[in-house]
Chemist: 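The structure is given below, and queries will be raised subsequently.
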Amino acid sequence: LMKDGDKTVLRTLESFIREDYFTNQHVCDLVNEWNGKAKDDKWAHRLCLLCKNKAVAGKTLCPECIHNDMEDIIYG
């Protein structure tokens, strides 16, 4: 959820990346926390942060999103 003036708008993580909202420190901190949890517990089943497909073990992205060059953005 994101505040947009007087309204609260539901935004996807991908919209934060594509529309340059990703500079928001709170969003960066959340993504870094999720990445850390995935790395620490790599065999837990999890879904991709961007598309909800099955994520690669130890990562927060699926093979398709990694192939689409999202890995550099998410793991910076």
Side-chain angles (χ1 to χ4, degrees):
L1 293 174
M2 182 178 140
K3 281 289 214 184
D4 187 9
D6 294 336
K7 299 183 289 184
T8 301
V9 181
L10 181 63
R11 308 288 287 215
T12 64
L13 183 58
E14 189 169 1
S15 73
F16 276 84
I17 294 167
R18 300 239 184 256
E19 298 172 24
D20 292 329
Y21 290 114
F22 202 63
T23 56
N24 182 310
Q25 189 60 47
H26 181 67
V27 174
C28 291
D29 291 344
L30 285 173
V31 171
N32 288 335
E33 181 180 329
W34 294 329
N35 289 338
K37 286 180 182 179
K39 184 178 178 183
D40 292 343
D41 190 13
K42 69 180 181 177
W43 298 114
H45 296 281
R46 64 182 42 83
L47 300 178
C48 178
L49 289 177
L50 301 178
C51 70
K52 304 304 180 198
N53 287 328
K54 186 178 176 186
V56 174
K59 303 252 182 194
T60 52
L61 295 177
C62 69
E64 184 176 343
C65 288
I66 290 171
H67 178 75
N68 290 333
D69 296 326
M70 299 307 266
E71 193 169 26
D72 288 341
I73 295 169
I74 296 297
Y75 298 110

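All values below were derived from every heavy atom in this structure, side-chain atoms included, with hydrogens, water molecules and symmetry-related copies excluded.
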Chemist: Would a hydrophobic clustering, with Ile, Leu, Val, Met, Phe, Trp and Tyr connected at side-chain separations under 4.5 Å, put L30 with L49?
Modeler: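 In one cluster with L30: L49, yes.
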Chemist: Calculate, to the nearest 0.5 Å, the distance between atoms CD and CG belonging to E64 and N53 respectively.
Modeler: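 Interatomic distance, E64 CD to N53 CG, rounded to 0.5 Å: 6.5 Å.
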Chemist: Starting at SG of C65, measure out to CD of E71 and round the result to the nearest 0.5 Å.
Modeler: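 Reported to 0.5 Å precision, the distance equals 10.5 Å.
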Chemist: So, taking the atom named CD1 in I66 and the one named CG in L61, what distance separates them when rounded to the nearest 0.5 Å?
Modeler: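 Here the interatomic distance stands at 5.5 Å.
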Chemist: State the CG-NZ distance between N32 and K37, to the nearest 0.5 angstrom.
Modeler: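 Reported to 0.5 Å precision, the distance equals 12.5 Å.
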Chemist: In Å, rounded to the nearest 0.5 Å, how long is the span from CD1 of I74 to CG of D69?
Modeler: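 If we round to the nearest 0.5 Å, I74:CD1 and D69:CG are 12.5 Å apart.
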Chemist: How far apart are the closest heavy atoms of T60 and A55, and which atoms are they?
Modeler: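 Closest heavy-atom pair between T60 and A55: C-CB, 4.1 Å.
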Chemist: Rounded to the nearest 0.5 Å, what separation is found between the NZ atom of K42 and the NZ atom of K59?
Modeler: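 Taking NZ in K42 and NZ in K59, the distance rounds to 11.0 Å.
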Chemist: Nearest heavy-atom pair of K54 and C62: which atoms, and what distance?
Modeler: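 Reported closest heavy-atom pair: O-CB, 3.3 Å.
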